[in-house]
Amino acid sequence: MPPTSQPLRKLGFLTIGLFDGADPGRGHESTLGIIELGEQLGFDSAWVRHRHLQYGISSPVAVLAAASQRTRRIELGTAVIPLGWENPLRLAEDLATVDILSGGRLNPGVSVGPPMHYDQVKEALYPDTADAEDFGYERVRRLLDLVRGEPATDFSGVEGFEVFSDRVQPHSPGLGRRMWYGGGSLRSAQWAGEHGMNFLTSSVVKAEESEDFAGIQLSHIRAFRAHHPDGDRARVSQGLVVIPTDSASPEQRAKYTAYVEKRTPRTVTPQGPARMMFAPDIVGTSAEIAERLHAHAAFQEVDEVAFALPFSFEHDDYVQILTDIATRLGPALGWQAAT
């Protein structure tokens, strides 16, 4: 192993949980089955994406509540919940409830910004307050305070037969330390560090200082840790799409290669007025992927990853990819499966 890389300590995966609108139960069951498989293979964490008004997981907290009852060890995360769609107090209640149900395994990841296609959805989402809503970091701060046990009201005590609390219930004491921010800019990395969060490096970043994706991701990691109370010990998880082909069939290899080739052009130069850079997908044998990761400037500074599963593949493809990651790629990166 190259001396610039450290052994991988935590190996996770991320899924979008696609489903057929005519048969959503089958897709959700597939997602739960993939999470169960991840635990059986020794993965440390399973993460789900969040999609609204699409054919992907719209309620990750509910999905992870179900997953918590079908697993015993694997950590369960969201990458990420866009807070523009959420009420921080209600979300804090849901997160704490699922954390209690899971035995303290929840890792909620969040992000800021207005909801996608806000002009088209604001009347349904915020019919009375659409123009007054604040979609900035203050929304995250409110969520953090509520999860960490800060008062939500100045009222508590007994009223008749009912007992009221001045903070969110249930309160899960460790959850506040397991809150993650999914960021793709230097500002978000710094803010997450200043507020004691963990950091999910995004596979989509702003080309602020260069047009080298690995270099940009590295700058975010260093900015985050420079502003975090824990410094170099602050937790960072890297997100990339990796597709090992060790046990793939010839048909699967052809499909995976075509998928990556179709997505590669967007990774070459910044996209759009915001100058967004997309991470290149990495396809090949586990040995080839490990070699590329060891040479990746950002990978060299992390010991946790959440590799993203491709969006549009079949259940059997995900089984093959996860099995290869756990049995071949992970060990090639110095990782040992959890038991």
Side-chain angles (χ1 to χ4, degrees), residues 8 10-21 23-51 54-60 62-64 66-68 70-71 73-80 107 109 200 203 237-263 279-286 288-290 293 305-333 335 337-338:
L8 189 64
K10 284 184 175 288
L11 176 63
F13 67 91
L14 168 65
T15 179
I16 194 174
L18 289 179
F19 58 85
D20 183 341
D23 185 15
R26 181 170 176 267
H28 282 77
E29 182 61 33
S30 172
T31 296
L32 292 172
I34 287 296
I35 293 174
E36 289 182 275
L37 174 64
E39 176 162 276
Q40 295 164 11
L41 290 170
F43 278 89
D44 298 290
S45 61
W47 303 74
V48 293
R49 289 190 187 273
H50 203 160
R51 289 292 185 270
Q54 298 182 53
Y55 300 100
I57 294 171
S58 62
S59 184
V63 170
L64 294 183
S68 75
R70 294 168 60 158
T71 56
R73 175 198 53 77
I74 195 169
E75 295 183 1
L76 305 168
T78 62
V80 290
N107 283 263
L200 292 163
S203 59
S237 181
Q238 185 185 36
L240 296 171
V241 176
V242 302
I243 310 175
T245 59
D246 303 87
S247 65
S249 68
E251 293 77 16
Q252 286 174 318
R253 291 192 189 97
K255 177 166 65 173
Y256 301 166
T257 300
Y259 176 86
V260 171
E261 288 177 350
K262 184 177 180 180
R263 285 160 50 96
D281 302 330
I282 307 176
V283 62
T285 66
S286 290
E288 292 168 341
I289 294 173
L293 288 174
V305 295
F307 291 138
L309 294 174
F311 282 2
S312 55
F313 289 1
E314 300 297 323
H315 183 89
D316 289 346
D317 299 329
Y318 296 141
V319 170
Q320 175 264 313
I321 291 169
L322 286 179
T323 302
D324 280 358
I325 289 176
T327 61
R328 305 191 187 198
L329 177 57
L333 298 173
W335 173 77

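Along the sequence shown, the residues carry numbers beginning at 1. Model, not experiment: these values are computed from the prediction.
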message = Just verifying a value: how many Å separate W335 CH2 and I325 CD1, rounded to the nearest 0.5 Å?
response = 10.0 Å

inquiry  = On a heavy-atom basis, which atom in I74 and which in I35 lie closest, and how many Å separate them?
reply    = CD1-O, 4.3 Å

query = Who are the ring pair (Phe, Tyr, Trp, His ring centres under 6.0 Å) partners of F13, not counting sequence neighbours?
reply = F43

inquiry  = Is the ring pair F19/H28 parallel, tilted or perpendicular, if the boundaries are 30 and 60 degrees?
reply    = tilted

Derivation and outcome, side-chain contact (heavy atoms from CB on, under 4.5 Å), residues L37 and Y318 = CA-CA 10 Å; L37 174 64; Y318 296 141; over 6 Å; no

note = In this structure, CZ of F307 is separated from CG of L14 (nearest 0.5 Å) by 12.0 Å

request  = Mind checking the CG-CG spacing from D246 to D324? Nearest 0.5 Å is all I need.
outcome  = 4.5 Å

request  = To the nearest 0.5 angstrom, please state how far the CG atom of D316 sits from the OG atom of S30.
outcome  = 9.0 Å

query = Can you tell if the side chain of L322 reaches within under 4.5 Å of the side chain of L309, non-hydrogen atoms only?
reply = yes

key: Qualifying residues under side chain to side chain contact (heavy atoms under 4.5 Å, CB included), relative to R263, sequence neighbours excluded   = V241, Y259, R266, D281

message = Under the criterion side-chain contact (heavy atoms from CB on, under 4.5 Å), I'd like the reasoning laid out for T245 against Q252: C-alpha separation, chi angles, the key distance, then a yes or no.
response = CA-CA 8 Å; T245 59; Q252 286 174 318; over 6 Å; no

Taking every non-hydrogen atom, the tightest pair across P331 and A326 = CD-O, 3.4 Å

inquiry  = Ignoring hydrogens, what is the shortest heavy-atom contact between R49 and I16? Give both atom names and the distance.
reply    = CB-CA, 3.9 Å

inquiry  = Which residues pass the side chain to side chain contact (heavy atoms under 4.5 Å, CB included) test with A338, not counting sequence neighbours?
reply    = D44, R73

task = Ignoring hydrogens and angles, tell me if any N or O in the side chain of S58 forms a donor-acceptor pair with the backbone of Q54 under 3.5 Å.
result = no

ask   = In this structure, are over 12 heavy atoms from other groups packed under 6.0 Å from Y55 atom OH?
value = no

